[in-house]
Amino acid sequence: QVQLVESGGGLVQAGGSLRLSCAASGRTVSSSTMTWFRQASGKEREFVAALSRLGSTPRYADPVKGRFTISRDNAKNTVYLQLRSLKVEDTAVYYCAARAWGLSSSAESDYGYWGQGTQVTVSS
């Protein structure tokens with residue numbers, strides 16, 4: 001059984017940084033396409049960043065390009081999302097998702113495995 005556990009969220013001031021972690025078990029992150037989504041209160045969940053199982057160039061949503069970085073540590077079987085220059089509008093619950101086959105996708109329906117989410121709150 002695949003499990004994804006996010007951590008690293010918290011309260012940070014605008015302009016600050018956080019690093020989110022997604023620890024996987026039951027499947028290796030190196031053999032999976034790993035993706036981060038987020039959902040702000042009252043809004044639909046949206047794509048943030050993805051790292052293909054084939055190790056191609058990471059993919060980012062326009063609002064986070066240049067500020068967020070997705071990476072993985074195969075030895076720790078963990079995927080990270082480094083958040084920099086945070087803005088109030090980045091406040092959301094951040095979810096890690098994985099798909100066993102296929103390249104990166106921004107569609108939620110393409111992902112079969114999800115974590116429980118970690119809250120990121122950015123204050124002004």
Side-chain angles (χ1 to χ4, degrees):
Q1 183 177 358
V2 177
Q3 285 191 324
L4 304 174
V5 180
E6 301 98 332
S7 62
L11 174 64
V12 63
Q13 287 190 328
S17 299
L18 282 174
R19 189 178 77 159
L20 307 183
S21 300
C22 172
S25 60
R27 184 169 183 87
T28 59
V29 297
S30 60
S31 63
S32 308
T33 288
M34 303 299 298
T35 300
W36 288 92
F37 290 83
R38 68 184 181 185
Q39 186 169 22
S41 180
K43 296 186 177 181
E44 293 187 350
R45 191 151 50 185
E46 64 177 3
F47 167 80
V48 175
L51 193 56
S52 170
R53 57 189 290 269
L54 298 180
S56 60
T57 302
R59 179 179 170 188
Y60 298 96
D62 287 342
V64 309
K65 280 182 181 177
R67 300 189 298 121
F68 291 7
T69 303
I70 187 171
S71 63
R72 66 178 149 219
D73 185 330
N74 293 337
K76 295 183 178 180
N77 210 32
T78 298
V79 173
Y80 302 99
L81 186 68
Q82 179 70 51
L83 289 63
R84 298 183 180 89
S85 301
L86 282 161
K87 304 176 181 180
V88 172
E89 52 264 40
D90 293 320
T91 295
V93 178
Y94 284 71
Y95 297 91
C96 176
R99 65 184 307 201
W101 304 102
L103 301 179
S104 62
S105 168
S106 60
E108 291 183 58
S109 58
D110 286 337
Y111 294 86
Y113 308 108
W114 292 83
Q116 82 290 348
T118 185
Q119 176 71 47
V120 171
T121 303
V122 184
S123 63
S124 59

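Numbering of residues begins at 1 and proceeds along the displayed sequence. When reading the values below, keep in mind they use all heavy atoms of this one structure, side chains included, and skip hydrogens, waters and symmetry mates.
Counting only distance, with no hydrogens or angles, the side chain of Glu6 and the backbone of Cys22 share no donor-acceptor pair below 3.5 Å. Looking only at distances, a side-chain donor or acceptor of Thr118 sits under 3.5 Å from a matching main-chain atom of Gly9. A donor-acceptor pair under 3.5 Å is formed between the side chain of Arg99 and the backbone N or O of Trp101. Side-chain N or O atoms of Gln82 include one that pairs as donor or acceptor with a backbone N or O of Leu18 at under 3.5 Å. Formation of a donor-acceptor pair under 3.5 Å by the Asp73 side chain with backbone atoms of Lys76 is found in this model. No donor-acceptor pair under 3.5 Å is formed between the side chain of Gln119 and the backbone N or O of Gly10. A donor-acceptor pair under 3.5 Å is formed between the side chain of Tyr60 and the backbone N or O of Ile70. Side-chain N or O atoms of Arg84 include none that pairs as donor or acceptor with a backbone N or O of Ser17 at under 3.5 Å. Asn77 places no side-chain N or O within donor-acceptor distance of the main-chain N or O of Gly26, the cut-off being under 3.5 Å. Between the side chain of Arg27 and the backbone N or O of Ala100, at least one donor-acceptor pair lies under 3.5 Å.
A perpendicular orientation is assigned to the rings of Phe37 and Tyr111, their planes being inclined by more than 60° (bins at 30° and 60°).
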Q.
Is there a side-chain contact (heavy atoms from CB on, under 4.5 Å) between Ser123 and Leu11? Walk through the geometry before answering.
A. CA-CA 7 Å; Ser123 63; Leu11 174 64; 4.3 Å; yes
Q: Take Trp114 and Leu4 through the side-chain contact (heavy atoms from CB on, under 4.5 Å) test and state the conclusion after the steps.
A: CA-CA 6 Å; Trp114 292 83; Leu4 304 174; 5.5 Å; no
Q: Show the numbers, then the answer: is there a side-chain hydrogen bond (donor to acceptor under 3.5 Å, both in side chains) between Arg53 and Ser32?
A: CA-CA 5 Å; Arg53 57 189 290 269; Ser32 308; over 6 Å; no
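Put simply, the side chain of Val64 does not reach to within 4.5 Å of the side chain of Trp36, judged on heavy atoms. At least one side-chain heavy atom of Val48 sits less than 4.5 Å from a side-chain heavy atom of Leu81. By the 4.5 Å heavy-atom criterion applied to side chains, Arg45 and Val93 are not counted as neighbours. Looking only at side-chain heavy atoms (C-beta outward), Thr28 and Asn74 stay at 4.5 Å or farther from each other. Residues Val79 and Ser71 have side chains not in contact (no heavy-atom distance under 4.5 Å, counting atoms from C-beta outward). With a 4.5 Å cut-off on side-chain heavy atoms, Val120 and Leu20 count as touching.
Heavy atoms only, all atoms of each residue included: Thr35 and Ala50 are closest at OG1-CB, 3.3 Å. Pairing each heavy atom of Leu103 with each of Ser52, the nearest pair is CD2-OG, 3.2 Å.
For Glu44, the CD atom sits in a loose shell: 12 or fewer heavy atoms of surrounding residues, nucleotides or ligands are nearer than 6.0 Å.
Within the model, atoms OG1 of Thr78 and CE of Met34 stand 9.0 Å from one another, a figure rounded to the nearest 0.5 Å. Note that OG of Ser21 is 15.0 Å distant from CZ of Arg72, once rounded to the nearest 0.5 Å.
The pair Asp90-Lys87 fails the salt-bridge criterion, with no side-chain N (NZ, NE, NH1 or NH2) lying under 4.0 Å from an Asp/Glu carboxylate O.
At least one cation-pi condition fails for Arg38 and Tyr95: the charged atom is not both under 6.0 angstrom from the six-membered ring centre and inside a 45 degree cone around its axis. By the 6.0 Å and 45° rule, Arg59 stacks over the aromatic ring of Phe47.
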